[in-house]
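A short worksheet on the structure shown next.
Keep in mind that this is a model prediction, so the values were computed, not measured.
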Amino acid sequence: MSVASSPDLAEITSPTTDLATAAAVLGIGRSTAYTLAAAGDFPCKVIRIGTRYRVVTADLQRLFAVA
């Protein structure tokens, strides 16, 4: 998976996205994202499936919702 540029959150239509894409949306580095996910400190819900991490898109969208 290659993330060429920071994706627009509106472009993510699947229920989950990969950790690298979520990191790009949040403006953090890939390594930092994996470190946070492994420690359970990622700002969104992260699901681990085998060796892969998936981020719940709805949680990612809530971070950017205007109250």
Side-chain angles (χ1 to χ4, degrees):
M1 158 86 204
S2 173
V3 179
S5 64
S6 180
D8 183 10
L9 188 55
E11 295 174 0
I12 304 172
T13 58
S14 62
T16 63
T17 189
D18 61 277
L19 193 60
T21 300
V25 168
L26 293 171
I28 62 175
R30 186 175 178 269
S31 296
T32 300
Y34 278 94
T35 299
L36 291 171
D41 293 330
F42 199 77
C44 304
K45 182 172 182 173
V46 176
I47 302 168
R48 184 160 184 184
I49 303 170
T51 60
R52 297 177 188 244
Y53 289 102
R54 300 295 293 178
V55 177
V56 177
T57 304
D59 284 354
L60 190 58
Q61 291 169 337
R62 277 188 210 109
L63 286 177
F64 293 96
V66 177

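- In the hydrophobic clustering of this structure, Leu19 groups with Ile28; members are Ile, Leu, Val, Met, Phe, Trp, Tyr whose side-chain heavy atoms approach within less than 4.5 Å, directly or through other members.
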Donor-acceptor contacts under 3.5 Å from residues 30-51 side chains, at least two apart:
| unit_1 | atom_1 | unit_2 | atom_2 | d |
| --- | --- | --- | --- | --- |
| Thr35 | OG1 | Ser31 | O | 2.9 |
| Arg48 | NE | Gly50 | O | 3.0 |

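- Contact annotation: the side chain of Leu63 never approaches that of Val25 to less than 4.5 Å [non-hydrogen atoms, C-beta and beyond].
- Using modelled atom types, one side-chain atom of Thr57 and one backbone atom of Pro15 make a donor-acceptor pair closer than 3.5 Å.
- In terms of hydrophobic clustering, with Ile, Leu, Val, Met, Phe, Trp and Tyr side chains grouped at heavy-atom distances under 4.5 Å, Phe64 and Val55 are assigned to a common cluster.
- Taking the side-chain hydrogen bond (donor to acceptor under 3.5 Å, both in side chains) definition, one finds that Thr16 meets it with Arg54, sequence neighbours left out.
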Verify side-chain contact (heavy atoms from CB on, under 4.5 Å) between Leu26 and Leu60, making sure each step is shown before the conclusion. CA-CA 9 Å; Leu26 293 171; Leu60 190 58; 3.9 Å; yes
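- Applying the ring-ring contact (aromatic ring centres under 6.0 Å, His included) test to residues at least two apart or on different chains, none of the pairs has a partner in residues 13-32.
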